[in-house]
Amino acid sequence: MTKFIFVVGGVMSGIGKGVTVASTARILKDYGFKVTAVKIDPYLNVDAGTMNPVEHGEVFVTDDGLETDQDIGNYERFADEDIPKENYMTTGLVYQSVINRERNLDYGGKCVQIIPHVTDEVESRLMRAAKKSKADFVLVEIGGTVGEYENLLFLETGRIMKLKMPGHVLFMLVSYFPIPKMIGEMKTKPTQHAVRSLNSAGIQPDIIIARSEMPLDQARKAKVSIFCNMRPQDIISAPDISSIYEVPVNFEKDNLGKRILEKLNLKSWEKDSRLWGNFVKKIKSSREPVKIGIIGKYFDSGKFTLADSYISVIEAVKHASWSLNRQPEITWLNAESYEKDLTKLEELKNFDGIIVPGGFGKRGVEGKIAAIKYARENNLPFLGLCYGLQLAVVEFARHVCGLKEAHTTEVRPATPYPVICTMTDQIGKIKKKEMGGTMRLGAYDCQLAKESLCAKLYGAKTISERHRHRYEVNNDYVSALVEKGLLVAGKNTKQDLVEIIEIPSHKFFVASQFHPELKSRPLNPHPLFKGFIKAAIV
Ligand code: GLN
């Protein structure tokens with residue numbers, strides 16, 4: 001029977017619940033179990049696709065085309081498993097299905113209530129996720145922190161499931177233990193309150209993940225044990241560390257895996273964590289830097305937001321760099337600053353390579369185009385991702401093909417040279433403002449040109465990659481671009497869509513319509529990122 005581990009947050013958000021779930025999944029996988037993980041976001045948006053990345057971070061797209069939260073990306077990277085769309089839900093999505101069922105008379109005239117009908121809906125979604133992945137373990141991350149009104153419904157579902165399936169459900173509380181500077185001592189009181197709050201929802205945590213600057217000492221564990229009604233060995237230290245990928249190793253110092261297995265009466269399992277262990281060693285032994293500039297625009301709340309908006313790109317750069325024994329040094333470059341002052345582009349010579357990642361709308365576009373021009377003209381390794389491909393085509397059309405006013409219709413609908421245009425099936429959707437979940441989403445096949453660098457890097461003829469876009473390369477201009485030296489390195493032949501471009505005479509100039517960063521894994525770095533970093537270090 002599938003085991004469920006609900007993971008909830010205490011004291012404050014942003015302390016690593018997602019990484020805790022991902023790391024626990026990794027540990028259980030290393031014990032030989034089939035694992036999967038679910039994210040529950042307690043807001044009314046039906047999916048994450050309509051949310052601003054500055055506010056919510058990256059939108060992570062699954063193979064089967066759902067726009068989800070960035071935590072799903074962490075689960076995929078740590079567990080090295082594809083996460084299907086069944087594994088993501090929001091309050092909005094859950095209510096939408098209950099209301100639709102009510103409208104279809106599926107509740108047979110009953111009064112439809114939050115308990116049991118909405119909690120039943122959440123439970124059946126969790127069961128479906130377990131079945132779909134044939135999982136021994138389903139980790140369920142409940143967004144937000146205990147004590148918030150918004151996630152009560154999901155805590156209630158967990159409580160009911162534990163009641164229905166005794167011995168098969170655990171609760172893990174990820175809580176924060178501050179060390180206030182003026183006191184210089186680690187405080188347990190906020191966590192005691194978080195546990196009380198969870199208790200008032202009828203739930204006793206089985207394990208506490210103790211996030212803090214330092215590991216917990218025995219005295220603190222003893223105190224939490226008494227006040228929170230738990231055994232000291234069930235309080236797992238989770239001190240700050242330099243790389244999130246060390247978290248599974250750290251959890252195991254306090255025997256998290258064994259504690260979980262013991263509590264669920266699963267005793268005789270052998271662990272093999274060599275793959276992960278070697279990967280973590282490689283992170284530490286990679287010393288020489290590789291300097292990568294990422295040209296972005298989601299800067300509004302400072303560097304931290306930016307990192308969240310492009311998290312998969314950052315992780316993909318790291319995976320590729322470490323696999324080549326390099327320590328990545330990533331610098332955020334503000335596209336808009338090049339629009340104000342073109343001489344600022346000179347800073348690009350300090351980098352071994354630049355990336356223009358995905359994006360939407362007109363802000364920063366001319367700055368990105370200027371940076372792409374610099375990379376093309378100066379033989380600087382360049383990787384373009386989605387919008388990065390579209391703007392590279394605009395740049396090439398303007399400056400190499402002489403189509404001066406070439407543009408994407410996303411920014412300039414009336415351009416005389418629409419080298420990037422609205423996909424035919426998107427025109428009606430944009431007009432009718434049907435914007436939720438309607439882009440070209442998820443995995444599509446792409447055929448690689450035999451002579452391309454990409455065919456060499458992938459070592460394949462056909463690949464499958466994930467998408468999220470409404471605009472495409474306009475086929476009317478392809479022959480003009482090709483004539484001037486652009487190679488269409490990858491195509492979706494069924495839809496007749498350009499998927500990858502290259503400039504063969506350049507050291508490394510590759511851009512893709514898809515998002516390769518979504519499929520990079522620590523144990524399996526992405527070939528395009530590897531090729532890019534390789535070119536950047538020679
Ligand atoms: N804005 C572009 C489009 O919709 C690119 C999207 C992206 O970079 N994900 O096609």
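Start at 1 and go down the list; that is how both ligands and their atoms are numbered.
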Numbering as shown, the atoms of ligand 1 that approach G358 to under 4.0 Å (heavy-atom distance):
8 (O)
Is a donor on one side and an acceptor on the other found under 3.5 Å between the side chain of E502 and the backbone of C454?
yes
Nearest non-hydrogen protein atom, atom 1 (N) of ligand 1
E410 OE1, 2.7 Å
Ring-plane angle category for W322 and H319, please: parallel below 30°, perpendicular beyond 60°, tilted otherwise.
tilted
I need the contact type for E472 against ligand 1. Using non-hydrogen atoms and a strict under-4.0 Å cut-off, is it side chain, backbone, both or neither?
neither
Tell me the protein heavy atom at minimum distance from atom 7 (C) of ligand 1, and give that distance in Å.
C386 SG, 3.0 Å
Any salt bridge linking K132 with E81? Criterion: basic side-chain nitrogen under 4.0 Å from a carboxylate oxygen.
no
First locate atom OG1 of T331, then atom CD1 of I295, and finally report the distance between them rounded to the nearest 0.5 Å.
11.0 Å
N/O to N/O below 3.5 Å, does that happen between H469 and ligand 1?
no
The closest protein heavy-atom partner of atom 4 (O) of ligand 1 is R470 N, 3.0 Å
Atom 8 (O) of ligand 1 [closest protein heavy-atom partner, distance rounded to 0.1 Å]
G359 N, 2.9 Å
Would you call the rings of H469 and H467 parallel, tilted or perpendicular, taking 30° and 60° as the class edges?
tilted
Check this for me: does any side-chain nitrogen of one of R398 and E366 sit under 4.0 Å from a carboxylate oxygen of the other?
yes
Just checking, is any N or O donor in the side chain of R125 or S97 under 3.5 Å from an acceptor N or O on the other one?
yes
Is ligand 1 under 4.0 Å from a heavy atom in the side chain of M439, in the backbone, in both, or in neither?
neither
Give me the residue, atom name and distance of the protein heavy atom closest to atom 9 (N) of ligand 1.
R468 O, 2.9 Å
